[in-house]
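Let me begin by presenting the structure, written as structure tokens, before commenting on it.
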Amino acid sequence: MSQLKSTHQTLTKRISFDEFDEIVNPPKQTVDFDNIINAVISRRQALKVVSIAGASAGMFAFMHATPFSFNNAQAKEILLDFKEVSANALDTITVPENFKWDVVVSWGDPMWSKGKDFDHKTAGTFESQLLSFGDNNDGMFIFEHKGKTILAVNNEYVNNDLLHYANPSKKPENENDIKKNKYAHGVSIVEIENKSGKWKIVKDSVFNRKVTPDTDIEITGPARGHTLLSTDADLRAQKVKGTFNNCASGKTPWGTYLTCEENFNGYFMSSDANEKVSAEFKRYGINTKDWGYGWGKYDDRFDFSKVPNEPNRHGYIVEIDPTKPDSTPKKRTALGRFKHENAEVVLTNDNRVVVYLGDDERGEFVYKFIADTKYDPKKDNSNILENGTLYVGKFNDDGSGSWLVLDEKSTGMKKAEICVHTRQAGSKVGGTTMDRPEWVASHPHKAEVYLALTNNTNRGKSEAMPINAANPRADNKYGQIVRWTPENADHANDKFKWEIFLLAGNPKVHANNNAGSKNINTDNMFNSPDGIGFDSRGGLWIQSDGNYSNKGDYEGQGNNSMLYADPQTGKVKRFLVGPIGCEITGLCFSTDKKTMFVGVQHPGEDSSGSHFPGTKDSIPRSSVIAVSKKDNQAFL
Ligand code: FEO
Ligand code: CA
Ligand code: CA
């Protein structure tokens, strides 16, 4: 989700969601900035790291001194050879000259033949939206089943000014508008097929399905049945309606889809403006005002003065079997409740299931989950994610790290409480506050894990968010990617070594640490890494969700883009540039490795002027695109 959203702007002045949440939940008092830097520098000196002039430069030197620096003469050339694409501000997709792209599906495309084609005058009705692909596509994965290809795609949120374009207010104005708004959220599952070299959705496929904010979902795991999740409609806390703000995703070895509930807080409000907001709610940014969605005006579940526990029933990982269209999705409370970004699933050396999880808010944590039950391909694995142990990441300044267990002993909280108030548990044991953890990606050929930290303009401004080696820049506008290797190359271990893989920046504008790390130059520079993922060759794809003003600190960076990085050499090249106002988010690969599916989210947000993928009279529409080589060779 981008930092500036039109839904939110209808509510208040142009501020980011994080800023909005911080008004609700202010960080601790601002401290003397120099003292923070001095504290970090003295630790640096203790490590005998060469310090260049100034505190920030000292941090910068350290980053190139960490354990597995890629800066070596033996470095191999980048894995995939292509001519780098230049930054641009065009209203289209730009790919290297020997590649091509097509639209697979866009917001509002009918999934069944009884649905209507997208109406650019009205942006559709609730009836048409219920039969159509949702808005703001994000994380996605491919599932092969009985010779069919099924694509499961998150529809994260909506832009009110586009969805309700036909309303004079450009906002939802009545109950039908709220239904339309809801049905544009959730998960769209579609069968796709490649006909004459173009991937298209298969209308009326038995696998086509919409999981919406009103779909019945089973609550599983430690928080199932707990009073914190009990409501009048579901006293026993076993069934919840819906999933929404589904950001990125995961895929399990047993063939299910994990959809991750991120900014769930923004949908809740209180019709009683004097309703007390608990400390627990505040930690999650829940406020008496919502972010402009307005659902609580027509659906009491979203009004916490009427249904006080409903917010505790959201903010989880939801497991869906895309091959069983009638199956009930399951909320996996064991994986914790926070603003979930994605769910990267790996196996330990003895086949236990590990899920790495980011909590995308300034100063929140990265988590690891280890399931109690081992994965066994010969058995039914469908409930492996029901129980397990959560850990929070601690990144020490000397390049070591550990996973701190969240259990009754370490937190003083009951297991179910840890699963509902996971952020509080993470704070109790001293997790490292991070610069907005977005996607986690695991290298396909070795135990090495990458984490995108998108940006954090509050870093270094308060005691709650001091500069540290993993989050080394105050007022971090550009973001970084951190990687770690677990001890003994086994994800089961609670110790790891880490380093910064890249520090995004702008070497055209800055000569200090805001220029970025050594592998960033004026050709490949970008800001705000968000989606990341590996292809089978071990190449790292990086998607950006940043400032696309192309001015000031961002001069020369153009629209949001997608880059390709070689983990071995650290070399980074721009592969794709998106249209105006979009973020690039969501990627997965066809089984034959010939097609990369890429998400183009919210082109034209904030009236930025896009008509993508149409022409001048079109409403801009989020879309899944297919990128392939012109010679149709495998490249992934
Ligand atoms: Fe939905 Fe943190 O991105
Ligand atoms: Ca983002
Ligand atoms: Ca994201």
Side-chain angles (χ1 to χ4, degrees), residues 1-8 16-21 134-140 153-159 185-187 243-250 258-267 284-285 291 293 314-318 338-344 356-367 423 434-441 450-457 476-481 504 526-533 541-548 554 559-563 578 581-588 598-602 605-606 622:
M1 188 185 263
S2 78
Q3 279 205 295
L4 296 167
K5 284 88 172 174
S6 54
T7 46
H8 185 214
S16 75
F17 280 174
D18 277 1
E19 284 165 337
F20 181 80
D21 286 351
D135 198 0
N136 276 280
N137 49 275
D138 203 314
M140 57 183 161
V153 189
N154 287 349
N155 298 115
E156 189 182 25
Y157 70 107
V158 300
N159 300 87
H185 283 76
V187 182
T243 183
F244 47 88
N245 212 279
N246 306 80
C247 184
S249 53
L258 304 178
T259 182
C260 308
E261 298 176 347
E262 192 188 19
N263 294 299
F264 67 95
N265 60 308
Y267 298 77
Y284 285 87
W291 284 354
Y293 296 103
H314 304 277
Y316 297 102
I317 301 289
V318 183
F338 41 90
K339 295 185 181 179
H340 277 287
E341 185 69 23
N342 81 330
E344 180 71 345
Y356 289 108
L357 306 153
D359 181 357
D360 179 8
E361 187 163 333
R362 291 185 246 188
E364 288 298 340
F365 308 125
V366 58
Y367 296 88
R423 287 181 164 183
M434 307 298 279
D435 286 347
R436 297 185 55 202
E438 300 253 24
W439 293 38
V440 189
Y450 291 63
L451 167 67
L453 296 163
T454 199
N455 55 53
N456 182 357
T457 48
N476 178 9
K477 295 181 177 74
Y478 299 107
Q480 65 267 20
I481 296 178
F526 67 101
N527 71 88
S528 307
D530 186 336
I532 54 173
W541 297 90
I542 303 167
Q543 303 179 319
S544 77
D545 170 20
N547 186 305
Y548 46 79
Y554 309 98
N559 295 342
N560 277 308
S561 63
M562 187 163 174
L563 304 109
C582 81
E583 84 182 66
I584 300 294
T585 184
L587 81 159
C588 61
V598 176
V600 181
Q601 197 192 53
H602 61 70
E605 74 164 4
D606 301 342
S622 295

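Counting convention: from 1, in listed order, for ligands and their atoms alike.
Side-chain contact check for Tyr548 and Glu605: at least one donor-acceptor pair (N or O, by modelled atom type) lies under 3.5 Å. In summary, the side chains of Asn245 and Tyr267 do present a donor paired with an acceptor at a separation below 3.5 Å, with no hydrogens or angles considered. Looking only at atom types and distance, the side chain of Ser249 has no donor-acceptor partner in the side chain of Asn154 under 3.5 Å away.
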Check your understanding: Passes ring pair (Phe, Tyr, Trp, His ring centres under 6.0 Å), Tyr367 versus Phe338? Steps please.
Key -> CA-CA 10 Å; Tyr367 296 88; Phe338 41 90; 4.3 Å; yes
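In terms of distance to atom 2 (Fe) of ligand 1, the nearest N, O or S atom of Glu438 is named OE1. Looking only at its N/O/S atoms, Glu262 has OE1 as the one nearest to atom 1 (Fe) of ligand 1. Glu341 contributes OE1 as its N, O or S atom closest to atom 2 (Fe) of ligand 1. The minimum distance between atom 2 (Fe) of ligand 1 and any N, O or S atom of Asp360 involves atom OD2. Atom OD2 is the N, O or S atom of Asp530 at the shortest distance from the Ca ion (ligand 2). For Glu438, the N, O or S atom closest to the Ca ion (ligand 2) goes by the atom name OE2.
Atom 2 (Fe) of ligand 1 does not have Asp545 among its coordinating residues (no N/O/S atom, backbone or side chain, under 2.8 Å). For Asp545, the nearest N, O or S atom to the Ca ion (ligand 2) falls under 3.0 Å. Within the 3.0 Å limit, Glu583 places no N, O or S atom next to the Ca ion (ligand 2).
Considering Asp545, Asn136, Asp138 in turn, Asp138 is the only one that fulfils the side chain to side chain donor-acceptor pair (under 3.5 Å) rule with Thr585. Evaluated for a side chain to side chain donor-acceptor pair (under 3.5 Å) with Arg436, the options Asp359, Asn455, Asn456, Asp530 yield exactly one hit, Asn455.
Taking atom 1 (Fe) of ligand 1 as the apex, the angle formed with OE2 of Glu156 and SG of Cys247 is 100°, to the nearest 10 degrees.
Rounding to the nearest 0.5 Å gives a distance of 6.0 Å between OH of Tyr284 and CZ of Arg423.
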